[in-house]
Amino acid sequence: MRGATRIDRIAVPPLLREIAAVFVASGKQAFLVGGAVRDILRGERHVDWDIASNAAPEDVMRMFPRVIPTGIKHGTVTVRYKKHSIEVTAFRIDGDYGDGRHPDSVLYASRIEDDLSRRDFTMNAIAASLPDGRIIDPFGGRADIEKKLIRCAGLAEDRLNEDGLRALRALRFASQLGFEVDGELLRAIRRNPAMILPVSAERVKTEFDKIIASARPSVALLHMERCGLLKLALPELERCRGVEQNGYHSFDVLAHSLLACDYAARNGYKQTVRLAALFHDIGKPAAARLDGEGALTFYNHEAISEEITRAIMKRLRYPNAVIDETALLVREHMLNYTDAWSASAVRRFVRRVGEENLNALFDLRRADSFGTRGAEPPPNLSLDFRDRVSDALAESRALSLKDLAVDGKDLMEAGIPSGKLMGIVLRRLLEAVIDDPALNTKEKLLETAMKMAEAT
Ligand code: ATP
Ligand code: MG
């Protein structure tokens with residue numbers, strides 16, 4: 001597209017026009033900025049709206065009835081308007097980034113152009129004036145969007161030195177938008193990947209989450225590897241490169257993990273499955289041993305993978321529930337189901353994994369299978385096992401102590417003292433019922449319990 005035909009005005013949604021009218025009535029300016037403008041110009045929807053204004057936060061709080069002071073320190077408040085939340089930030093220029101992490105001070109600016117010049121990439125440094133939608137694009141962001149190019153607004157080296165997170169943001173946008181990363185930007189990261197080190201774990205996690213949630217996580221992760229960021233941010237994953245696998249595997253462990261993760265993303269699998277797909281074999285470098293015939297084995301790698309997964313996710317400050325679910329999927333990913341499993345073996349497995357995690361585990365199996373050869377797994381993968389689970393649970397759903405036909409009180413009345421022995425007897429009763437569901441009546445269990453107590 002030639003520059004002359006470039007869009008110089010966007011259609012402003014009615015809601016934003018109503019909000020803009022309030023600014024105008026107070027003699028203030030308002031501009032739509034950031035991801036919303038970028039995505040409108042890309043022809044995509046963007047859910048949240050950011051407004052930049054020459055109004056101070058206190059002004060905005062007077063102008064609208066419902067305003068939440070979400071980031072007053074940074075000049076940001078959130079306006080609630082007809083069930084929407086709109087972030088309004090006063091024009092800013094950032095002070096020195098002495099620590100490469102946060103601006104040392106926030107200074108207000110009087111012009112939108114100054115505010116745009118602190119933003120990271122040209123595509124993110126475009127404003128649309130409200131209410132008319134006129135575009136202000138001092139860094140050539142529209143041309144880069146047309147070229148699908150991620151480029152720093154200003155000199156890459158300087159902009160990365162100000163805030164090391166921008167390196168990861170650039171690569172995250174490559175995964176999210178399917179854009180190329182400017183060569184100068186990539187070289188600047190490669191020259192000094194250590195810029196990421198002072199960045200807080202929370203900020204890294206936010207970007208890593210967006211990479212994992214994107215349509216193709218491998219794009220950012222491969223960039224990270226080539227630029228030296230992977231070695232610093234996720235060294236455990238970087239170590240999987242070059243770890244070859246024998247037999248039916250076509251790829252080294254890192255390539256396999258990236259294929260599995262992309263498959264999970266492409267099929268819309270949930271976050272924990274995507275993370276487990278990326279980390280399920282991360283223990284293989286540590287588990288690698290040569291067997292008698294000189295072949296590589298990875299005995300017990302799932303346990304080491306689980307441990308490493310927990311350590312990485314803890315470091316990135318994931319909530320415990322997310323860590324536990326991902327770790328469980330990693331630990332159980334080997335699921336070597338055969339027809340020879342008895343119904344009680346199937347029930348034992350369901351008890352260990354939890355019925356609520358079965359579908360996620362099956363999704364992970366598909367992703368893992370895809371990553372082995374890069375071919376779509378057979379449609380019936382895990383189907384037999386699903387049937388077996390349904391059958392085994394139809395026979396008996398007693399999988400935990402609370403499902404037993406007796407409880408501690410019943411056993412006490414039968415003369416078994418509460419305490420350690422009681423605990424042992426209850427657990428053995430559950431084992432017996434998982435093996436033989438017909439035992440789960442009060443009468444039979446009491447009889448069995450008495451025998452157990454005597455024998456212990
Ligand atoms: P999305 O919300 O879809 O992830 P976004 O572009 O809105 O994308 P945000 O992280 O919400 O990204 O940031 C909003 C805007 O703030 C960006 O478009 C950019 O202009 C600016 N911005 C955010 N983080 C930085 C940063 N580290 N350095 C410079 N500018 C930034
Ligand atoms: Mg945003």
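Atoms within a ligand are numbered from 1 in the order they appear, just like the ligands themselves. For reference, positions follow the sequence shown, starting with 1.
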With a 4.0 Å cut-off on heavy atoms, is Leu165 in contact with ligand 1?
no
Flag the pair Val273 / Leu329 as yes when at least one side-chain heavy-atom distance between them is below 4.5 Å, and no otherwise. yes
Look only at interatomic distance and state if Gln176 has a nitrogen or oxygen under 3.5 Å from any nitrogen or oxygen of ligand 1. no
**Face-on cation placement of Arg366 at Tyr269 ring, 6.0 Å and 45° thresholds** = no
Side chain or backbone, does Arg119 bring an N or O within less than 3.5 Å of an N or O on ligand 1? yes
So for Glu87 against ligand 1, with non-hydrogen atoms under 4.0 Å, the contacting part is neither
Going by the 4.0 angstrom heavy-atom rule, the piece of Asp120 near ligand 1 is both
Quick look: Phe173 vs ligand 1, heavy-atom contacts under 4.0 Å, and the answer is side chain
- Message: Can you tell me if Arg118 contacts ligand 1 (heavy atom of the residue under 4.0 Å from the ligand)?
- Response: yes
Side chain to side chain donor-acceptor pair (under 3.5 Å) test vs Tyr318 passes for just one of Thr272, Asp209, Thr326, Asp324, namely Asp209
Sorted by chain and number, sequence neighbours left out, side chain to side chain donor-acceptor pair (under 3.5 Å) with Ser85 holds for Arg80
Contact region, Arg159 to ligand 1, non-hydrogen atoms below 4.0 Å, reads neither
Residue pairs meeting ring pair (Phe, Tyr, Trp, His ring centres under 6.0 Å), one or both in residues 179-236, sequence neighbours left out, come to none
Does some side-chain heavy atom of Ser369 sit less than 4.5 Å from a side-chain heavy atom of Arg365?
no
Here the atoms of ligand 1 under 4.0 Å from any heavy atom belonging to Gly34 are 18 (O)
Between Lys210 and ligand 1, is there a nitrogen or oxygen pair with a distance under 3.5 Å?
yes
Q) Taking both backbone and side-chain atoms of Asp48, is any N or O found less than 3.5 Å from an N or O belonging to ligand 1? A) no
Rounding to 0.5 Å, atoms NZ (Lys314) and OG1 (Thr309) come to a distance of 14.0 Å
Quiz prompt | Any side-chain donor near an acceptor of the partner, Asn357 and Arg352, under 3.5 Å | solution = no
Q. For Asn124 and Arg38, does a side-chain donor sit closer than 3.5 Å to a side-chain acceptor?
A. yes
Ligand 1 to Arg203, heavy atom cutoff 4.0 Å, flagged ligand atoms 27 (N)
Closest heavy-atom approach to atom 24 (N) of ligand 1 among Arg38, Arg169, Arg166 is made by Arg169
